[in-house]
Amino acid sequence: MMRSDPRALQLNEQGQLKHFLTLDGLSKEILTEILDRAESFLSMGEQSVKKVPLLRGKTVVNLFFENSTRTRTTFELAAKRLSADVINLNIATSATSKGESLLDTLQNLQAMQSDMFVVRHQDSGAPHFIAEHCTPNVAIINAGDGRHAHPTQAMLDMLTIRRHKGQFEGLKVAIVGDILHSRVARSELHALKTLGVEEVRLVGPKTLVPAFFRDMGAVICHDLKAGLDDVDVVVMLRLQKERMAGALLPSESEFYRLYGLTEESLAWAKPDAIVMHPGPINRGVEISSEVADGDQAVILDQVTNGIAVRMAVMSMAMSGQVQEQQATGEEG
Amino acid sequence: MTLDLDKALNSMKQQLADYCQQQNIENPIVVGIHSGGVWVANEILDAVPTDEDLATLDITFYRDDFTRAGLHPQVGSTNLPAIEDRHVILVDDVLMSGRTIRAAMNEIFDFGRPASITLAILFDLNSRELPIRADIVGEQLSLAENQRVKLSGPTPLTVSVIETH
């Protein structure tokens, strides 16, 4: 097995998840299993005790090298609803700032007998590096790394699409905005393609929608009207204001005029099209308030679905670890 | 060894009707455990004095062997009405170790506090590992250690004894 390939690294010998690093290379069957498990966790919302004992006694460490309140909160809730014990570490303000290396920090956490690390990092490939170098028996979940991947966000979007549209076949999906810097867009493209949608369009200015995405099977559109024409799903991405300085965009108001989703531009999509956004939304920058609060927006459903998807991924990865440990134990 | 499915089902129905009357159980919620328990519950539902639809329980997330075996494949979905202060009749096809029933009761209590739980089982194998007993038993079986009861369904519902290695 090639140890350097994250696609191989995240599966155990039975082909089940033991880490969750990227959607690249995961089969339709595994993605569908994640969605099915997530559905059954969603129905847990009816329980008066919103908890299952699946990960009782397991310790989950949220390792956030980069801030993200929503993602961290939903991972924390997901772990708690699985009855795990959760520790949140804001690494940006802790040991690494005292000069401790990443590996030393992780080895300390491992020595505390953690069972799972949920990793958010500004560098692409960091969760993969951690999975490769320092974690026998610890499941690593990628909660967003650099520009590379944000697989749980993509899967919660897939769950949201499936719950609203019933299936993936025949759907046209437009992803609009800053594709270049977006880890969400990359993961989303993998998931949509694997699950079999008809067409994925990436829509935005040339500076933010590079042509190489064509090689990944997407249709590139630099015109919003052509991009939204007849689509079933519109995914708006957050315009990362910090990128403005890099001269990739003229101005916020210019971007809004050309690519902002308003009631007028949404009318180009199918009448029953749904509008998604990974949040946090910038009202009046990439989306108008009327659309964000309108009937077609499913942005808050995405948040609810996010907890269920994270519960599914965490329980599946932990299950894969358990099975691998059992197999190794039997051999030894 | 052949098993008489109809006889066991009829015996369950008779006992259930008597039991509900004796215990003053009115309008109970019948809960089948996926998959076999749901099939059995469907068969005996008309013998129970209730207006409620059949409720279902999937115990995948409540099993006690996660740290040994990991996740089990999902077999169905949990679909329970409000059970606070209601009488529950919990139905399964086979009672062996009692671990499934423990998991099922834990799950039920996460939905609320029922007034009572009655356990109704089609076939009771005397191989308990937990202090759990059934109130209603279709047929009591004594099987060899390597024998298991296998229910297939839902239509037609059939039962056979299989040998494990």
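Per chain, numbering begins at 1; letters A, B, ... match sequence-line order. Keep in mind that the numbers below use all heavy atoms, side chains included, and drop hydrogens, waters and symmetry copies.
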Quiz item: Side-chain donor-acceptor pair under 3.5 Å between Q321(A) and N137(A), yes or no?
Solution: no

Quiz item: Regarding D301(A) and T160(A), is there a side-chain donor-to-acceptor distance under 3.5 Å anywhere?
Solution: no

Between [X] and chain B, which part of the residue has a heavy atom less than 4.5 Å away: side chain, backbone, both or neither?
| X | value |
| --- | --- |
| L82(A) | neither |
| M318(A) | both |
| K50(A) | neither |

Self-check item: Side-chain (H150(A)) to main-chain (V184(A)) donor-acceptor, under 3.5 angstrom
Solution: no

Quiz item: Does a side-chain heavy-atom distance below 4.5 Å link H128(A) with H19(A)?
Solution: no

Practice problem: Determine, stepwise, if the pair I140(A) / V138(A) fulfils side-chain contact (heavy atoms from CB on, under 4.5 Å). | Solution: CA-CA 6 Å; I140(A) 310 296; V138(A) 180; 4.3 Å; yes

Quiz item: Under 4.0 Å between a Lys/Arg side-chain N and an Asp/Glu carboxylate O for E43(B) and K13(B)?
Solution: no

Exercise. Taking heavy atoms only and a threshold strictly under 4.5 Å, list by residue number the residues of residues 49-69 of chain B that touch chain A; give 'none' if the list is empty.
Key: T60(B), F61(B), Y62(B), F66(B), T67(B), R68(B), A69(B)

Quiz item: Top residue by heavy-atom pair count (under 4.5 Å) with chain B, among Q16(A), R37(A), R56(A)?
Solution: R37(A)

Quiz item: How many angstroms lie between CZ in R163(A) and CG in L35(A), if you round to the nearest 0.5 Å?
Solution: 11.0 Å

Quiz item: Honestly, is R310(A) close enough over F75(A), meaning NZ or CZ under 6.0 Å from the six-membered ring centre and within 45° of the axis?
Solution: yes

